[in-house]
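Okay, structure first, notes after.
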4 protein chains.
Amino acid sequence: MNIKTTVEDPALVGRRRAQLTQAAIACFSERGYHPTTIRDVAERADVSIGLIYQYVGDKEDLLFMALQEVLDIYMRQIPMALEGVADPLGRFCTAVRAYCRVNGSSVDATVLAYRETKSLRAERRAAIMQKELDTNELIAACVRDCIAAQLFEEIDVDIFVYQIVMFCHAWALKAWHFAKAMDVDTYLERGLKLMLRGVLTGAGEKRMRRLEAERVVPVAPAAPARPRRVSRR
Amino acid sequence: MNIKTTVEDPALVGRRRAQLTQAAIACFSERGYHPTTIRDVAERADVSIGLIYQYVGDKEDLLFMALQEVLDIYMRQIPMALEGVADPLGRFCTAVRAYCRVNGSSVDATVLAYRETKSLRAERRAAIMQKELDTNELIAACVRDCIAAQLFEEIDVDIFVYQIVMFCHAWALKAWHFAKAMDVDTYLERGLKLMLRGVLTGAGEKRMRRLEAERVVPVAPAAPARPRRVSRR
Amino acid sequence: MNIKTTVEDPALVGRRRAQLTQAAIACFSERGYHPTTIRDVAERADVSIGLIYQYVGDKEDLLFMALQEVLDIYMRQIPMALEGVADPLGRFCTAVRAYCRVNGSSVDATVLAYRETKSLRAERRAAIMQKELDTNELIAACVRDCIAAQLFEEIDVDIFVYQIVMFCHAWALKAWHFAKAMDVDTYLERGLKLMLRGVLTGAGEKRMRRLEAERVVPVAPAAPARPRRVSRR
Amino acid sequence: MNIKTTVEDPALVGRRRAQLTQAAIACFSERGYHPTTIRDVAERADVSIGLIYQYVGDKEDLLFMALQEVLDIYMRQIPMALEGVADPLGRFCTAVRAYCRVNGSSVDATVLAYRETKSLRAERRAAIMQKELDTNELIAACVRDCIAAQLFEEIDVDIFVYQIVMFCHAWALKAWHFAKAMDVDTYLERGLKLMLRGVLTGAGEKRMRRLEAERVVPVAPAAPARPRRVSRR
DNA sequence: TATGAATGAGGTTTCATTCAT
DNA sequence: AATGAATGAAACCTCATTCAT
């Protein structure tokens, strides 16, 4: 499952792999895994074809690296966004917002994960799926905290979390539909409102209103803070 | 955009294309569009390679036909399920159930649509997307009826409909996760409950309870009505 | 171990394979197995590259077919030459002459067998070796008959046969040395004389002289009769 | 025809080349010249890839060095074995035994020479062939001495010498056949007996019997004297 | 209308060789 | 003198498409 390399310096391997991964994400997102040629990736990464095979065993390794990176972004962004947020409901909303914005800033990458995970051999596909579950767990924890704090009703956590995740992914998957009518943040707030309505307790609603009020100011500075990145070449 | 054929008898063209479409859906679902060869499809359809090119211009035509058929199933099944159902809330639930069950019985086909729509050239991709919107409209109409009947709050219809659609697709897209914990119907009822909670008015809730009570018996005969089909070889 | 084909008509398969085999023998003899490209073989056989892969699984199959054909020539020529020859000593000499002349007329093919048998995977290499042993057996039988008829001493048949075989192969393997000093027939008669001297009994020598006398005339017509074949393009 | 180097110290060049030659013989014997990569040789010699190109112009140089070394072994071993042997017939037998044992102890190397001499460009191939002729001359001299001493009949020296050489090579080339039935020494003595029978005069036979008698004891110490070397990694 | 043999462009991968360090 | 990362030409093989039968 580990990727073959003929290069000995681990730091160099890390650097080159990151470079190749970015190129792979860009190419595969653009045209899909199969239509993309190794030459495409080499050109995008501005290296020779031969170099690729010194850091990677075969083309599928590039896909695996690309998908891992795409999923890893969530695992990096969500905890980062949660730092310093204490209130359970606040944490929940923050996590969902972070999740959705990662999607918003890397639509292609999310679509890539949906399109090409199946192009991996079983063992690796399982690793990617596990990563998705790990990410979900970040949100699930927030949900459970809200339930424990009696801000949420006693709902089915697993289904609710996937409902949220699918809602976030939908922004990317149906960008062709939504992006012409609104921006991510509008989409996010409308959806959040809809989904929360079904789960908030009375106490939850009250807490929500207070959080909304507090958010009035920080909303502006918060926006630029969000880290537009990911599927950039 | 129309598909090329060298055969003159339209009935024959229809029959052969249906045959090829079924084979294409099966093959593409199994291995993906690009890895599938024309030979694979020919063997699955039990015809010669040459024959395919008498009913189809190129490989992409097969994909287009396959995806059209997958989306058409919804357009056939939902209206069929709605026949004879009058109550707005009943119609809504019926539509959602039909939608979700189509997914349940053709997981591979749904996944195929997600994976390979992008493999079509722009013009055809747009046609597929339009079909998806047309299908959504079937559900949106029910939602609007419920709002008009004051059974639903004044919610954002577009987002709510997509939330439902994504919920249904999630069963197929995340089958690797859900299918080991429950069956479609359990998934459906739990999700429906969760989503309805956020939108039902007081009147809506009352109506819902009545419908639930009535459904106790019909649940059994309802089952055989659902049309297991699609991604069969 | 059997060779893959996608073509259904067995007669066609036979014809095409024969054609490819001839081309392969010519190419591999000329430049060796590895330096020869599939394109070389395709051009020599005057077919497309793709066609080759409809009759053959991979490049090694071509080598296998080529080596089999080279060895098969002995199995065809020796029995043909022996037809109608009754005297044991006469049969022995005839067999050796046939063997040596096959070598003489397909020097490249013999060298090919020495160079490239090891390029086959174990299983197939074993099949080629077995074919060599089968051919040796044709000569060994003659030797045993001579011993039984008390024309040969009670010698070590296995070593003697291989001595003869190596002597014949030597004409091909050391053509760069011998061919500038004599022709096959001279080489053959001198070597035969030398080798026979060590094994003939008194009776054997007498019989030999008689056969020599009889051969005086037929020697000329015999020569044109030899069947130049094999490594022709 | 001389091999390129960028290194100035001739002693170092000699040492490194010997090291590379041993590695090359080992690798090429094992897998053949073309399938062996420079990396294989570098690893076997425990040096870097770059170093090889400081002592060698290209891959073919390695093959040339390897083949030269293989042939040189004969030129070293035969004279060494002949030292102190005076009797012409004794010298002949000693030379043949030395030749055959070199084969026996480096089967792979002999096979290598047969397989890959043709992979050299013409000029170098000629040099290798000349080396073979030089070696043959060592045996030819013994044969001529035997004839002069009237121990051998007036035979065709050239053909007889090649018959012996081929017999010795056969042990290596047909090791798959002989090695399972006997050891080199058995093979050697049986073959020698067969070949001598055809060439010994009456005086030669008598002399042979005397030598045989004398050899009874020395046979044991003779064995450890033979120089197992060559195709070792 | 149906077949399937034939084509050849193009993709992935290997590896001899170079050259900056 | 020694290293090994980088290069890119070239090889094998696949497969969409054509076309004679």
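Remember, it's a predicted structure, so these values are computed and weren't measured experimentally. Every chain is numbered from 1 and lettered A, B, ... according to where its sequence line falls, protein lines coming before strand lines.
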Write down the distance between NZ (Lys59(A)) and C1' (dT14(E)), rounded to a whole number of angstrom.
17 Å

Taking OP1 and OP2 of dA1(F), is either one under 4.0 Å from a side-chain nitrogen or oxygen of Arg16(D)?
no

Is the phosphate of dT17(F), meaning OP1 or OP2, less than 4.0 Å from a side-chain N or O of Tyr53(B)?
yes

Measuring only between side-chain heavy atoms, which start at C-beta, is Ser119(D) closer than 4.5 Å to Leu63(D)?
yes

What integer distance in Å separates Leu62(D):CG from dC15(E):C1'?
14 Å

First of Ser48(D) and Tyr33(C) reached from the 5' end of DNA chain F, by closest nucleotide
Ser48(D)

If I take atom CD1 in residue Ile52(D) and atom P in nucleotide dA16(E), what distance separates them, rounded to the nearest angstrom?
10 Å

For a quick check of understanding: with a heavy-atom distance under 4.0 Å over all strands, which category does Thr36(D) fall into, base, sugar-phosphate or nothing?
sugar-phosphate

5' precedence on DNA chain F between Arg39(B) and Arg39(A) (nearest-nucleotide basis)
Arg39(A)

Quiz item: cation-pi between Lys59(A) and Tyr33(A), 6.0 Å / 45°
yes

In whole angstroms, the gap separating P of dC15(F) from CD of Gln54(C) amounts to 12 Å

Which base sits across from dA2(E) as a Watson-Crick or G-U pair, both distances under 3.5 Å?
dT21(F)

Leu51(A) atom CG is separated from dG4(F) atom C1', nearest whole Å, by 12 Å

Would you tell me if any nitrogen or oxygen in the side chain of Tyr55(D) comes within less than 4.0 Å of OP1 or OP2 on dA2(F)?
yes

First of Val7(B) and Lys4(A) reached from the 5' end of DNA chain E, by closest nucleotide
Val7(B)

Starting at CZ of Arg15(B) and ending at C1' of dT1(E), how long is that distance when rounded to a whole Å?
12 Å

Rounded to whole Å, please give me the gap between CG in Leu12(B) and C1' in dA2(E).
11 Å

For the CD1 atom of Ile3(A) and the CG atom of Leu20(A), what is their distance to the nearest 0.5 Å?
10.0 Å

Which part of the nucleic acid, if any, lies within reach of Ile38(C) when heavy atoms closer than 4.0 Å are counted: base, sugar-phosphate only, or nothing?
sugar-phosphate

With a non-hydrogen cut-off below 4.0 angstrom, is Asp58(C) in contact with a base, only sugar-phosphate, or nothing?
sugar-phosphate

Of Gly50(D) and Pro35(D), whose nearest nucleotide on DNA chain E comes first from the 5' end?
Pro35(D)

Answer yes or no: is there a side-chain heavy-atom contact under 4.5 Å between Leu67(B) and Phe28(B)?
no

Would you classify Glu8(C) as touching base, sugar-phosphate or nothing, given that sugar-phosphate means primed atoms plus P, OP1 and OP2, and contacts are heavy atoms under 4.0 Å?
sugar-phosphate

Arg124(A) side chain to Thr117(A) side chain, donor-acceptor N/O pair below 3.5 angstrom
no

From CD1 of Ile49(D) over to P of dA6(F), roughly how many Å is that when rounded to an integer?
13 Å

